[in-house]
Every structure is written in C-alpha cells, then in structure tokens.
Amino acid sequence: MEGWPAESAQRLAKARALRAHDVDPYPTRFERRQTFTEIIAAHGGKSLEELEAASQAVQIAGRVMLKRPMGKASFATLSDGEARLQVYLRLDDLGERAYRLFEDLVDLGDFIGVAGTVMRTRKGELSVQARTLTFLSKALLPPPEKWHGLQDVEARYRQRYVDLVANPEVRKVFVKRSAMVSEMRRFLDVRGYVEVETPMMQPIPGGALARPFKTHHNALGIDLYLRIAPELYLKRLVVGGMERVYEINRNFRNEGISSMHNPEFTMLEFYTAYFDCRDVMAITEELVAAAAHRALGEGLAATYKGRGISFDRPFKRVRMTQAVADVAEEQGWGIDEAGIADPVGLADWLRSAPRPSKVTPGSKDFEMFSLEISWAKHGGLSHGNRVAQLFEVFVERRWDPETTRLWEPTFVVDYPVDISPLAKVHPDRPSVADRFELFAAGMEIANGFSELNDPLEQRQRFLDQIGRREKGDEEAHLMDEDYVRALGHGLPPTGGCGVGIDRLAMILTDSPSIRDVILFPHMRPER
RNA sequence: GGGCCGUUAGCUCAGUGGUAGAGCGCCUGCCUUUUAAGCAGGGUGUCGUGGGUUCGAUCCCCACACGGCCUACCA
C-alpha cells in the first residue's frame with residue numbers, strides 16, 4: 001500500500017469489518033441474470049404502474065458509481081461497464097443488517113450484487129428495488145471525481161482501467177475499433193481468405209523500410225528482431241499455395257512517438273494470388289468502406305477534427321507526380337506534371353529554380369532549401385526519390401484539415417520504383433512501381449502493390465538496398481536469401497496490401513491521437 | 001534533438017517570498033423516491049525531485065524527471 005492514499009486504510013478497515021460480520025469482501029461468484037442493457041431494453045418503455053403490476057424479478061451486479069443515502073432508504077447508481085442502472089435500497093426491504101452493511105461498508109468503486117424487482121421512481125427513473133444485497137468486491141482505492149472524471153492525460157494512458165471506469169466514452173472508442181476490425185475479418189473470411197499468424201520475432205526484419213527493435217534468444221544464441229512487417233512471410237505462404245491469406249497483428253518500429261506513431265501498431269496485410277495492383281485497389285476500397293460503414297453506421301460520414309469525411313465509394317485517385325504538380329501550380333513554381341515526371345526536366349527545374357536569398361523557416365523556400373541540403377547530404381538522390389520527397393514534404397506532410405489535399409479517401413498511384421523494392425514495375429512505365437497508397441484525413445492508411453515475383457530481379461533490388469544501407473541508410477532492406485529462394489519456387493502473380501488499423505480507427509472514432517485508439521500506449525516508465 | 005507549457009489533497013482545479021486553498025470524494029451526525037441528493041460539522045498535503053538565492057522558498061534562479069503541444073529527425 002506504499003504510496004496509496006489515507007482513504008485506503010479506511011476502506012481496508014471496512015473490508016475487515018465485513019469479515020467480522022461473516023461477509024467475504026472478495027467472494028468467488030455471483031449469478032448475474034440480466035445486464036443493465038437487457039433490463040433497459042426490456043423495461044425501459046414501461047410505465048410506473050405497468051412495472052408495479054409486472055413485479056419483474058431481476059438479479060444484477062455492478063460497480064457502485066454514485067451513492068445517495070437518505071437515512072432509512074438509499075439510491076445507488078451501478079455501472080456494469082456498458083450501462084448504468086439505479087438501485088433503490090430500503091431498510092424495510094433489506095432488513096437492518098443488510099441495510100447497515102450497505103450504508104456503512106459499501107464505498108464508491110465497490111462491486112455489489114442485487115436481487116430485486118424492476119420499478120420506476122416518482123421522478124420516472126427506471127430502477128431496481130433491492131430485496132437482497134450481496135457484497136462482491138472491495139475497492140481499496142477511491143475512484144476519480146464523479147463529475148469531471150479522470151482528466152490527467154498521463155494518468156488516463158497509464159491507468160487505462162481507471163480511465164475506462166471514469167470516462168465512459170473511452171469504451172465506445174474501443175468497441176467501435178473492435179467492430180471495425182471484426183468487419184474486416186468477416187469481409188476477408190467470406191471471400192475465402194485464410195487468417196494466419198507469422199513470426200513476430202524474425203532473424204531478418206523485412207517487408208518495410210524502418211528501424212527494428214532487437215532482442216536476443218539465449219538458447220539459440222542469436223539476435224532476433226521484432227517484425228517491422230509480416231509481408232515476406234505472407235508471400236512465402238502464397239508460394240506454398242495459400243492463395244488468399246491475411247494477418248491482423250502488431251508491427252514494431254523503433255522510431256519516434258507522435259500523435260500518428262506508436263512503437264507497436266496494428267496492421268492488416270492481405271495477399272491475393274492472381275490479383276494485380278488495380279484489383280487490390282478495388283478490394284481495398286471495398287474493404288475500407290465496409291469497415292467504415294460498420295463503425296459509423298451505414299451511409300454515415302465520419303467527422304474528424306471538425307471536418308466531414310465520406311467513405312462512400314469510389315475513392316479519389318491521383319498520380320503522385322500529379323499531386324506534386326497541383327501544389328506546383330498552386331504555388332506558381334513554373335513546372336508541370338510532365339516536367340516533374342521527367343528526370344531531366346525535374347533536375348533542370350531544381351537547378352534553375354530561384355534560390356532563396358532569405359530563408360524563412362516554415363516557408364516553401366525553407367522547405368525546398370531543407371530538401372536540397374538533405375539531398376546533398378545523401379550524395380544526390382535518384383529521380384524517383386526526389387519526386388517522393390517532394391510529395392512527402394509538400395503534399396503528405398500537409399495534413400492539417402484546412403489545407404491537406406488528401407482529406408477524402410484518396411488513392412495515390414504511380415509510386416517511384418526506387419522507393420518500392422518489393423513491388424513490380426508498372427506494366428507500361430518502367431520508372432514507376434505498380435503500387436498505390438491510400439490516404440484519408442491526411443494520413444497514410446494503406447499501401448498496396450503488385451508483388452514482385454521475379455526472384456532474380458528481387459535479389460537485385462535487395463542488392464540495391466544493401467548499397468543504400470552501406471551509404472548509411474539504416475532503414476534500407478537487408479538481403480533475405482530465403483525469401484529469394486521462396487520466389488525461386490514460384491510466386492504466382494499476386495497483389496498485396498497493408499492497412500493501418502490504428503489510423504483508420506482514429507478517423508472513425510474522431511480521435512486526434514493514435515494513443516486514443518491504443519488501450520495501453522507506450523510511455524516512459526513511471527518514477 | 002530543439003522550443004513552449006504543465007506538475008499543488010484520492011480526483012478536478014485556484015493561489016501566495018511569511019502557519020496551504022475550493023469543489024467533489026472521505027470522516028461524524030440528521031434524513032424512507034434521490035438525481036453531481038440535501039442539511040450541519042471536520043482539511044486529509046514530501047506544493048514533481050535535487051541544488052541555489054533569501055532571515056524565510058510551494059512561489060525567484062539552475063539542473064533533472066515525467067507529461068502535453070509544436071518542431072526536427074525518420075533517405
């Protein structure tokens with residue numbers, strides 16, 4: 001009890017007093033016969049007289065949220081997590097002993113069970129009039145303030161159990177998230193996809209460009225990495241004939257924490273043999289719309305950060321170069337999409353672009369200037385990387401609801417091959433990958449492509465990545481010989497996609513921070 | 001990594017270079033249909049931690065810790 005408030009000693013004394021009266025403060029079970037939701041559904045519409053005539057017996061249990069003792073009668077508001085229900089306790093109904101036990105030894109936060117009849121008070125509130133009272137569990141710590149709840153952000157994340165009790169809307173967020181995920185499972189299951197689980201600990205962390213967490217296996221004497229993506233394992237399964245597979249599970253990335261990033265986050269990845277990028281886009285659109293409609297109610301649009309966002313199909317589509325060109329036009333940069341798409345044209349434009357004589361932080365000039373420094377630092381980037389960075393800095397990073405161009409669900413297509421080491425090149429254009437990303441509310445929600453299945457080309461892509469790693473790119477891919485060997489056995493034409501569950505949940509629950517949709521977000525340890 | 005803000009009772013929050021404040025909770029008493037029940041009485045505390053300035057610091061200064069927001073990194 002080190003560090004517990006003084007009130008805990010009083011509550012502990014009450015637990016002892018219960019034992020002195022032969023009442024176990026922590027009994028084993030209770031036969032709860034109705035939830036509050038069931039009682040409200042069954043009797044919520046009945047009048048005082050109807051309830052009195054029916055004399056409906058119920059047996060309920062819950063946590064004491066409010067207590068209103070009035071001498072020889074009391075009201076208590078119980079919560080069963082999902083709903084609240086008032087209980088009316090009278091000395092005449094319960095008897096001296098049980099009534100005194102309630103008045104003297106039941107605290108806010110304790111669990112009690114009540115058998116009684118459904119009634120309505122004079123003021124009209126549906127209640128249960130108690131005939132018997134069963135003590136169910138003693139809370140030694142006091143609950144937060146009954147009106148304001150638990151406000152302290154840090155305490156809410158660290159002690160989510162208190163947050164859930166004190167702030168009922170928190171539960172709704174996670175129930176909605178659950179509905180969204182279960183709809184995704186249903187969607188895939190009915191289309192013949194098999195849900196699988198692949199290694200969380202991997203000897204070679206692959207499938208994404210990110211820094212991994214490292215751990216060690218003592219018995220094997222080897223280092224392992226927490227996975228940054230399941231991708232390479234899922235495609236091995238397609239090689240093995242599992243033509244439709246998916247996994248919904250955690251990825252771990254050893255990067256910064258922000259309102260959009262948690263070190264562990266949940267991803268859906270699904271792979272479909274004989275699909276290409278366009279097929280994947282179509283089914284992703286259907287999947288995301290179905291999940292959104294399940295969470296929001298059919299046809300309802302989400303409201304995120306005060307701005308509406310519709311998940312009705314079809315979603316918008318834009319080429320990456322086009323998205324950059326739109327900004328260029330808006331800003332009067334004097335370059336069009338053809339220029340951006342052309343390596344020479346873009347290079348010329350960058351060379352001839354007026355250099356900022358006075359660089360103001362936050363301005364376009366400043367961001368261009370920062371990009372130049374960044375490009376110089378990395379020994380000059382490929383054309384694809386330049387386009388991708390322009391997109392990232394001038395389109396993607398602008399995720400403010402007012403100015404973002406990626407608010408409504410939007411597929412960005414034609415990603416440069418350079419940043420897509422696991423994707424096939426576009427059938428008609430060798431410089432872009434057959435790949436898309438889905439954005440909504442300015443955030444990247446999904447990423448899909450035609451999977452590269454030529455083992456020799458894949459090995460060469462890995463070698464290119466290794467070259468970057470040697471130049472200091474810690475996020476570049478590592479060589480995965482076993483994956484190349486798997487491709488050597490033949491991967492059918494396959495389309496795959498990853499969907500960020502947390503970010504989609506943020507949008508559908510109007511949560512400004514990813515921590516609001518993760519029950520136990522990562523924090524520094526308390527001291 | 002940088003900037004700004006915060007940290008006071010169990011909770012929500014005021015506040016002052018000189019004995020620490022409110023509401024809720026809690027404790028005592030009254031009250032048999034209340035609604036954040038009410039009435040009367042009671043203040044329960046390492047003012048985040050460590051150092052400094054001062055006769056005296058919760059307050060001013062420095063460092064640190066934790067948190068929030070912004071920003072950077074993430075090629």
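Sequence lines set the chain letters: A, B, ... in the order given, protein chains first and strands last, and positions in each chain run from 1.
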Problem - Residues forming a salt bridge (Lys or Arg N to Asp or Glu O under 4.0 Å) with E7(A), sequence neighbours excluded - result: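 Checked E7(A) against salt bridge (Lys or Arg N to Asp or Glu O under 4.0 Å); matches are R11(A).
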Distance, rounded to the nearest Å, where [X] contributes [atom1] and [N] contributes [atom2]:
X	N	atom1	atom2	answer
D104(A)	rC26(B)	CG	C1'	14 Å
L105(A)	rC26(B)	CG	P	13 Å
F102(A)	rU34(B)	CZ	C1'	12 Å
L89(A)	rA37(B)	CG	C1'	15 Å
E96(A)	rU32(B)	CD	C1'	13 Å
H261(A)	rC70(B)	NE2	P	13 Å
N167(A)	rU12(B)	CG	C1'	12 Å
Y161(A)	rC11(B)	OH	P	12 Å

Is any side-chain N or O of [X] under 3.5 Å from a base N or O of [N], one able to act as donor and the other as acceptor?
X	N	answer
R122(A)	rU33(B)	no
T121(A)	rU35(B)	yes
Q86(A)	rU34(B)	yes
E125(A)	rU35(B)	yes

Practice task
Fit a plane to each ring of F75(A) and Y88(A), take the angle between them on a 0 to 90° scale, and name the class: parallel (under 30°), tilted (30 to 60°) or perpendicular (over 60°).
Solution key: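 F75(A) vs Y88(A) ring planes: parallel.
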Looking at [Y] and [X], is any side-chain nitrogen of the basic one under 4.0 Å from a carboxylate oxygen of the acidic one?
X	Y	result
D107(A)	K14(A)	yes
R160(A)	D163(A)	yes
D110(A)	R63(A)	no
R435(A)	E437(A)	yes
D434(A)	K424(A)	no
E264(A)	R250(A)	yes
K172(A)	E169(A)	no

Practice task
Give a yes or no on this: more than 12 heavy atoms of other residues, nucleotides or ligands lie within 6.0 Å of atom CE of M201(A).
Solution key: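 No, not enclosed.
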Practice task
Take atom NE2 of H21(A) as the centre, draw a 6.0 Å sphere, and report whether it contains more than 12 heavy atoms from other residues, nucleotides or ligands.
Solution key: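 Counting neighbours around NE2 of H21(A), 12 or fewer heavy atoms of other residues, nucleotides or ligands fall under 6.0 Å, so no.
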Tell me the partner of [N], counting only Watson-Crick (N1-N3 plus N6-O4 or O6-N4) or G-U wobble (N1-O2 and O6-N3) with both under 3.5 Å; none if nothing fits.
N	result
rA40(B)	rU28(B)
rA20(B)	none
rC4(B)	rG68(B)
rC60(B)	rG52(B)

Just to be sure I understand the rule, does [X] reach a base, reach only the sugar-phosphate, or reach nothing, if contact means heavy atoms closer than 4.0 Å?
X	answer
D152(A)	sugar-phosphate
Q10(A)	sugar-phosphate
R158(A)	sugar-phosphate
M523(A)	sugar-phosphate
L66(A)	sugar-phosphate

Practice task
Tell me, please, whether F111(A) has K138(A) positioned over its six-membered ring: NZ or CZ under 6.0 Å from the ring centre and within 45 degrees of its axis?
Solution key: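 That pair does not qualify as a cation-pi contact.
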Polar pairs (N or O, both sides) under 3.5 Å between protein and nucleotides 28-31 of chain B?
residue	atom	partner	partner atom	Å
rC31(B)	N3	G71(A)	N	3.1
rC31(B)	N4	G71(A)	N	3.4

Practice task
Write down the distance separating the P atoms in rG48(B) and rA37(B), rounded off to the nearest Å.
Solution key: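 My reading of the P atoms in rG48(B) and rA37(B) gives 31 Å.
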Practice task
Please state the C1' separation for the pair rU44(B) and rA22(B) - nearest whole angstrom.
Solution key: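 About 14 Å, rounded to a whole number of Å.
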Between the protein and nucleotides 23-25 of chain B, list the N/O to N/O atom pairs that are separated by less than 3.5 angstrom.
residue	atom	partner	partner atom	Å
rC24(B)	O3'	K146(A)	NZ	3.3
rG25(B)	OP1	K146(A)	NZ	2.7

Completion exercise
Going 5' to 3' through nucleotides 2-9 of chain B and flagging B where a protein heavy-atom sits under 4.0 Å of the base, S where only the sugar-phosphate is that close, and - otherwise, we get --------
Could you tell me whether the phosphate oxygens of [N], OP1 or OP2, come under 4.0 Å of any side-chain nitrogen or oxygen in [X]?
X	N	result
R68(A)	rU34(B)	no
R90(A)	rU32(B)	no
K123(A)	rU33(B)	no

Taking distance alone, no hydrogens or angles, what donor-acceptor pairs closer than 3.5 Å link side-chain atoms of residues 125-132 of chain A to residues at least two apart or in another chain?
residue	atom	partner	partner atom	Å
S127(A)	OG	Q86(A)	NE2	3.0
S127(A)	OG	E125(A)	O	3.0
Q129(A)	NE2	D93(A)	OD2	2.8
R131(A)	NH1	D93(A)	OD1	3.3

Handout entry: 5′-ward residue of the pair L209(A)/P5(A) relative to RNA chain B
Key =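 Result of the comparison: P5(A).
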Practice task
Find which nucleotide of RNA chain B each of L150(A) and Q129(A) is nearest to by heavy atoms, and output the residue with the more 5' nucleotide.
Solution key: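 Whichever sits nearer the 5' end wins; that is L150(A).
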Exercise for the section: I would like to know whether K305(A) and D510(A) meet salt bridge (charged side-chain N to carboxylate O under 4.0 Å, His left out); could you show each step before the answer? Expected result: CA-CA 7 Å; K305(A) 295 185 173 179; D510(A) 197 13; over 6 Å; no
All N/O contacts under 3.5 Å from nucleotides 47-49 of chain B to the protein, with atom names and distances to one decimal?
none

